[in-house]
S.K.: 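What follows is a structure written as structure tokens; I'll ask about it next.
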Amino acid sequence: MTEPLLHVRDLTARYGAAQILFGISFDLNAGEAVALMGRNGAGKSTTMKAILGLIDARAGVVVFRGEHISRWPTYKIARAGLAYAPEDRRIFADLTVRENLDIAALPARPGREPWTHERIFALFPNLREAQDRSAARMSGGEQQMLTVARALMGNPYALLLDEPSEGVAPIVVEAMAETVLKLKGEGVAILLSEQNLPFAARVCDRAYVLEKGEIRFSGAMDALMRDEAARRAWLEV
Amino acid sequence: MTAASLAVQFLNGLANASTLFLLACGLSLIFGVTRIVNFAHGSLYMLGAYVAWSLTQHLSGGVGFWASMFGAAVAVAALGALIESALLRRLYRSPELLQLLATFALTLIIRDAVLYIWGPEDLLGPRAPGLAGSINILGRAFPQYDVVLIVVGPLVLLALHVLLTRTRWGAMVRAATQDRDMAAAVGVNQAILFTSVFALGSGLAGLAGALQLPREPASASLDLFAIGDAFVVVVVGGMGSIPGAFVAALIIAEIKALCIALGSVDLPLLGTVAFPKFTLVAEFIVMAVVLIVRPWGLFGQPQSIQRALNPAEPPSHAAPRWFYWLAGALCFALAVAPLALGETSYALVLAIDIFIAILFAASLYSLVGPGGMHSFGHAAYFGLGAYAAALLLKSAGAPMPVALALSPLGGALGALLFGWFCVRLSGVYFAMLTLAFSQIVWSIAYQWDAVTGGSNGLIGVWPSQWLASHTAYYWLSLALCVAGLVFLRIIHLSPFGAALRAARDNPLRAEAIGIDRRSVQWRAFTIAGAVGGLAGGLFAFSKGSISPETLSVSRSIDGLVMVLFGGVESALGPIVGAAGFVALQDTIARHVDYWRAMLGFFMLALTLLFPGGLAGVWRRRS
Amino acid sequence: MSLLRIEHLSKSFGGVKAVNDVSFALAPGEMRAMIGPNGAGKTTLFNMVDGQLRPDAGNILLNGKSILGLPPRAIFRADVGRTFQIAATFASMTVLQNVQTALASCARQTTSLFRRADDLHRAEAMDLLRQVNMADQAERPCGVLAYGDVKRVELALALANKPKLLLMDEPTAGMAPAERIALITQTRDIAKHRNVGVLFTEHSMDVVFGFADRIMVLSRGRLIAEGDAEEIRNNPKVRQIYFGAGAEPVR
């Protein structure tokens, strides 16, 4: 078996005095979609931020495409092909939609079809009409699309997608699921943080379940769906 | 006043506005991206003037002149890049106060470097070749060079606009201004971006200084004038807004020009009013009006309430009984010390300085620590107390004890006025405004010869006969210092003190439990001003004279260094810090020419070694 | 008479109607949840009631008196307590000092310079802390508390003025499930016992459907439904807009 695209071992992270992650280990292979499940505050977003170097107080091993990136600055990690679509979207509100896309553009990767405006607009038709508008004047759903579109402009090998279904209309959730499946089909590996189990089950092959900063379950998505005890213990209320 | 003089002054105002804009927009740009208020921005302006002077000595002719101007801007930009990459880059995640102090340390170093390289004499630059003449405006002469300056401002504004809105670099700057981390997560290399922004902003400051050279000589006091002006422009225009800086520079420069154009006017009731004397007051009024109407500046965004970066300090309680016994014993030992040392001992003189410094530092601590208000202009209230005491004695003929007793009033009244505006802002805005106000007070003391004695100050401010001996004055200083400390401590532990700390810890929550944050902070500002004023009064009578130096910005910074040195978290901090600082200054300053630069390097070393703040280090050790 | 009456309240931001002609009334002792998708206008409505935002049109009446245009601190003095989405307490004070400071503010003692803050309102503060189960941690600094405990202290602060109305913005956000139920149970008990009206926004549907007497649903700034849990669950408009067509209603 080839080595995983993203390999994480014993990742810890803290905010000030509070430790959030207590040694997270998981793998993401090329071309697969993996769910990082867990309730609010379980450490899903923190895991992503720690991988990307957005948290100073972190430790552990992070290997991406054979390189140890755990001490790299964030921009270098992004340029290596690890893209991020944060939960709170963090679009650049002072920039137009097009500028939001252009600023994130990185050179094409060998052997992969590069993401162009055309390809992005084919995937998210709403953005085509909005491209000269200020990003601040878009609806929540459009902002969510822009967040993913912006991440794709970096021609990533892997996309860290943080709760794309949170706070958007059902129709947007549906569109987002389609998008994730399409991206997976095009060879972009996806790490999806989710609380919405049906959504995750629809798009992901495998799942890890986090609670209080530790991994409590890992296995095939089907196994999690069947394991009612695990779901009740770590996901449901 | 004639139409001609009005026209000429109007144009003159436009020329001044250009320089002011170049200066301020760099500061604003740098702040927008790095969130650091660069106190050394005025120093970079000053360096621009000096470097341009040196270059014009070697390069002649029209080409040489403009090459000198441009060369100075490039040299200062390079220095800015160096400062950013070697120093500030390490401080982006440090507490705000530490960032401000680090950039202020640079002003101390640059000031001494300028004195070392170029000497203390003012250096007059050459006129621009081919532009030495003047044009005719309604029969009045107006320098050709100033016409060029008038054009430069709008040109730079246009160039910056194109740069920021039409280039990828500009989009990156705007993105990073909004969300640094997210910009990094899409692959923007912050290190290069920040360095380039800092270089651009510094270069603009350098260019401003260089272009001003044919109009005004290079001098080692330009830095603080420039930074005061730049802060006023940025506060009026709105932090981070380039068009705001342009409009604000225009308004301020034109209002000053109008004051000069008006000249001395006979007004009913008021008699002859010399408006040119009011340029500084006019600047203050403009700022005051803007802050009342739009606290975030003309083009700025309302600031979100900033949360303290510092870890929470431990809760305050009354000290245990043994502490009072210990403090009492220490006071007693200090009180009997002169009997052992003797009247002629130098230690008495030094101790008086220390008591005054402790009182000053403790009053500043009450703002910076429990108040969370980082004042960079606290010396204004120290100085107002000193001037109040001296003027009461000399001009009003009050007896010395009365003059001293009223000195806190001087500090308090000043703090009452300026504090009203300052508490409307927070964080770095507060710091900038306090510094700007203290520069204004300094300028008034410096310019108002008739009352303050101008740059010479006031002399013959001696204590009454019965307090004239070193021993007697030592006792007086000790008593007032202890009284001041006890007073501040009682307030700290009072419901008022709790409300003040509440407003610092969480402004939103404080308002939600009925605390009027501004009112509480305003009172605290005034109390700190009063105690600072008392320290100033004591200072005036201990030295026998005062000068504008008494309320200079460097005294404000000395105070902050004392407070930080002792640790912001502890009420004992300012006592230890002030005593240590004065003792150190006394030993080193006598043997070293460039004591200020040494202090600057010391401050830089502290901020680089302990980027999380000293307080945390002290606490961990204890 | 109703405790809180909202009349035709509207607020726009840059042409978008964040809150559009919303009216409702809340009775004393009533627990009322306000739900809706993100961007529905919940926070905007909330911030208008607590004085942080000024409405463009409409009126807000508390016990029949308009509180329109009052700053947050005046609204607190008009017997309205408030908790925030991100719990807000004073980190450099002990738990007890936090509550003492709130009580001193209620007694208008925050201008007092020469009294000792630690000596004021001790008994009353301890009493409040007992009500929120924080008495045993009274002497701990707030800065080191677990987040759930910070939320409890915040509730004590909001109760300091013996409010008639409690505004709670996502009271259980960021808490562990067990803690969440405990806190909202506590809140309900206090509300019923003191006859306090509670208006809260919440994302956890178990909290909303398990604890609210009445539920309001906002969508795009408009109030689209109001009723008890059963009515809201079965309201087709709500099912379509909020839960998504075909989705199961959450327990």
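Both backbone and side-chain heavy atoms feed into the values below; hydrogens, waters and symmetry mates do not.
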S.K.: Given a strict heavy-atom distance threshold of 4.5 Å, which part of C:Gln52 is in contact with chain B: side chain, backbone, both, or neither?
M.R.: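 Side chain only.
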
S.K.: Between C:Gln97 and B:Pro315, is any pair of side-chain heavy atoms under 4.5 Å apart?
M.R.: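 They are in side-chain contact.
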
S.K.: Look at atom CZ of B:Phe323 and say whether more than 12 heavy atoms of other residues, nucleotides or ligands are closer to it than 6.0 Å.
M.R.: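 Counting neighbours around CZ of B:Phe323, 12 or fewer heavy atoms of other residues, nucleotides or ligands fall under 6.0 Å, so no.
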
S.K.: Assess whether atom NZ of C:Lys162 is packed by more than 12 heavy atoms of other residues, nucleotides or ligands within 6.0 Å.
M.R.: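 For C:Lys162, atom NZ is not crowded (no more than 12 foreign heavy atoms under 6.0 Å).
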
S.K.: Using non-hydrogen atoms and a 4.5 Å limit, figure out which bit of C:Ala160 sits close to chain B: side chain, backbone, both or neither.
M.R.: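 Neither part; nothing is under 4.5 Å.
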
S.K.: Is any side-chain heavy atom of C:Phe84 closer than 4.5 Å to a side-chain heavy atom of B:Leu508?
M.R.: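 They are in side-chain contact.
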
S.K.: May I have the step-by-step check of side chain to side chain contact (heavy atoms under 4.5 Å, CB included) for B:Arg517 and C:Arg73, ending in yes or no?
M.R.: CA-CA 9 Å; B:Arg517 179 179 63 87; C:Arg73 58 177 181 278; over 6 Å; no

S.K.: How long is the span from the OG1 atom in C:Thr83 to the CZ atom in B:Arg509, to the nearest 0.5 Å?
M.R.: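 With rounding to 0.5 Å, OG1 (C:Thr83) is 7.0 Å from CZ (B:Arg509).
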
S.K.: Highest number of heavy-atom pairs under 4.5 Å with chain B: which of C:Pro141, C:Ser112, C:Cys142, C:Ala102?
M.R.: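 Among C:Pro141, C:Ser112, C:Cys142, C:Ala102, the one with the most close pairs to chain B is C:Ser112.
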
S.K.: For B:Ser519, is it the side chain, the backbone, both, or neither that has a heavy atom closer than 4.5 Å to a heavy atom of chain C?
M.R.: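 For B:Ser519, no heavy atom lies under 4.5 Å from chain C.
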
S.K.: Nearest 0.5 Å, what's the OG-CG distance between B:Ser494 and C:Asp119?
M.R.: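 Between B:Ser494 OG and C:Asp119 CG, I get 12.0 Å after rounding to 0.5 Å.
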
S.K.: What residue, out of C:Glu139, C:Arg115, C:Arg82, has the most heavy-atom pairs lying under 4.5 Å from chain B?
M.R.: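 Counting heavy-atom pairs under 4.5 Å, the top option is C:Arg115.
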
S.K.: Evaluate C:Asp118 against B:His317 for side chain to side chain contact (heavy atoms under 4.5 Å, CB included), listing each step before the verdict.
M.R.: CA-CA 7 Å; C:Asp118 277 355; B:His317 292 291; 3.0 Å; yes

S.K.: Compare all side-chain heavy atoms of C:Phe90 with those of B:Ile513 and state whether any distance is below 4.5 angstrom.
M.R.: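 Answer yes - side chains close enough.
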
S.K.: Among C:Thr111, C:Thr110, C:Leu113, whose side-chain contact (heavy atoms from CB on, under 4.5 Å) with B:Phe496 holds?
M.R.: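 Single pass found, and it is C:Leu113.
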
S.K.: Quick one: which of B:Ile527, B:Ile491, B:Val520 has the most heavy-atom pairs under 4.5 Å with chain C, could you say?
M.R.: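 Among the listed options, the one with the most contacts to chain C is B:Ile491.
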
S.K.: Check the side chains of B:Arg501 and C:Thr101 for a donor-acceptor pair under 3.5 angstrom, ignoring hydrogens and angles.
M.R.: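 Distance-only check fails for C:Thr101 and B:Arg501.
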
S.K.: Might you point out which heavy atoms bring C:Ser92 and B:Arg504 nearest each other, and give the distance in Å?
M.R.: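 Scanning both residues, the minimum pair turns out to be OG-NH2, 2.8 Å.
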
S.K.: So which part of B:Leu500 gets closer than 4.5 Å to some heavy atom of chain C, the side chain, the backbone, both or neither?
M.R.: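 B:Leu500 has no heavy atom closer than 4.5 Å to chain C.
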
S.K.: For the CZ atom on C:Arg116, are there more than 12 heavy atoms of other groups (residues, nucleotides or ligands in this structure) within a distance under 6.0 Å?
M.R.: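 Counting neighbours around CZ of C:Arg116, 12 or fewer heavy atoms of other residues, nucleotides or ligands fall under 6.0 Å, so no.
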
S.K.: Decide if atom CZ of C:Arg188 counts as having more than 12 heavy atoms of other residues, nucleotides or ligands within a radius under 6.0 Å.
M.R.: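 Counting neighbours around CZ of C:Arg188, more than 12 heavy atoms of other residues, nucleotides or ligands fall under 6.0 Å, so yes.
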
S.K.: I'd like to know if the side chain of B:Asp505 reaches the main chain of C:Ala91, judged simply by a donor and an acceptor atom lying under 3.5 Å from each other, with no hydrogens or angles considered.
M.R.: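 Side chain of B:Asp505 to backbone of C:Ala91: a pair is present.
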
S.K.: Give, as side chain, backbone, both or neither, the part of C:Leu157 having an atom under 4.5 angstrom from any heavy atom of chain B.
M.R.: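 Both backbone and side chain.
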
S.K.: Which atoms of C:Arg77 are under 4.5 Å from chain B, going by heavy atoms: the side chain, the backbone, both sets, or neither?
M.R.: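 When you check distances to chain B, only side chain atoms of C:Arg77 fall under 4.5 Å.
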
